[in-house]
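Here, residue 1 is the first one in the sequence, and each next residue gets the next number. Computed over heavy atoms, backbone and side chain alike; hydrogens, waters and symmetry mates excluded.
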Amino acid sequence: QVQLEESGGGLVQPGGSLRLSCAAPGLTLDDYAIGWFRQAPGKEREAVSCISNTDGSTYYADSVKGRFTISRDTAKNTLYLQMNSLKPEDTAVYYCAAGFDRDGHCSYYLQKFGAWGQGTQVTVSS
């Protein structure tokens with residue numbers, strides 16, 4: 001059973017930075033598609049960034065390209081999301097997801113079939 005635990009959320013001013021962590025004990029991260037999703041109040045959950053297990057490619061939503069960076073530390077079984085230049089529209093609950101994808105389409109397959117953590121709140125406000 002996949003267990004994922006997010007941390008690192010909080011309140012930050014516009015333009016600030018946060019780093020989210022997703023601990024995945026017992027999971028060999030290189031063997032899985034893994035990524036970050038978010039859900040704002042009244043909106044559907046959306047993919048933010050993920051890493052494919054089929055070809056190692058990385059996906060970023062257009063809204064976060066150039067500001068967010070996904071990375072993983074396989075020795076620590078931990079996934080990260082470095083978020084810079086945060087905007088109020090980044091406010092959401094951020095979830096970590098793990099699973100398997102096909103043809104590099106990690107955002108689609110994780111959204112449909114991934115295992116999820118409990119989420120961590122990110123609030124960007126002055």
Task: Nearest-0.5 Å distance, OH of residue Tyr109 to OG1 of residue Thr54 - done: 9.5 Å
- [ ] Please tell me if the side chains of Ile70 and Tyr60 come closer than 4.5 Å, counting only heavy atoms from C-beta onward.
- [x] yes
- [ ] Would you check, one step at a time, whether the test ring-ring contact (aromatic ring centres under 6.0 Å, His included) holds for Phe100 with Tyr32?
- [x] CA-CA 6 Å; Phe100 300 97; Tyr32 288 82; 4.8 Å; yes
- [ ] Could I get the full list of ring-ring contact (aromatic ring centres under 6.0 Å, His included) partners for Phe113, not counting sequence neighbours?
- [x] none
Open item on the list: Side chains of Cys50 and Thr58, heavy atoms from C-beta outward: is any pair under 4.5 Å?
Closed with: no
Task: Other residues, nucleotides, ligands: >12 heavy atoms within 6.0 Å of Gln121 CD - done: yes
TODO: Say whether, by atom type as modelled, one donor and one acceptor occur between the side chain of Thr91 and the main chain of Val124 under 3.5 angstrom.
DONE: yes
- [ ] Say whether, by atom type as modelled, one donor and one acceptor occur between the side chain of Arg67 and the main chain of Ser85 under 3.5 angstrom.
- [x] yes
Task: Basic-acidic side-chain contact under 4.0 Å: Lys87, Asp90 - done: no
Task: Interatomic distance, Glu5 atom CD to Thr78 atom OG1 [nearest 0.5 angstrom] - done: 10.5 Å
Open item on the list: The criterion is side chain to side chain contact (heavy atoms under 4.5 Å, CB included); which residues satisfy it with Glu6, sequence neighbours excluded?
Closed with: Trp36, Tyr95, Cys96, Gln118, Thr120
Open item on the list: Cation-pi check for Tyr80 against Arg19: NZ or CZ below 6.0 Å from the six-membered ring centre and within 45 degrees of the axis, yes or no?
Closed with: yes
Open item on the list: Is the shortest side-chain heavy-atom distance between Tyr59 and Ser107 below 4.5 Å?
Closed with: yes
TODO: May I ask you to check whether Asp101 and Ser52 show a side-chain donor-acceptor distance below 3.5 Å?
DONE: yes
- [ ] Could you tell me whether the side chains of Ser57 and Asp55 share a donor-acceptor contact shorter than 3.5 Å?
- [x] yes
- [ ] State, to 0.1 Å, how close Asn53 and Gly99 come at their nearest heavy-atom pair, and which atoms those are.
- [x] OD1-O, 4.3 Å
Open item on the list: Could you check whether any side-chain heavy atom of Trp116 comes within less than 4.5 Å of a side-chain heavy atom of Leu4, counting everything from C-beta outward?
Closed with: no
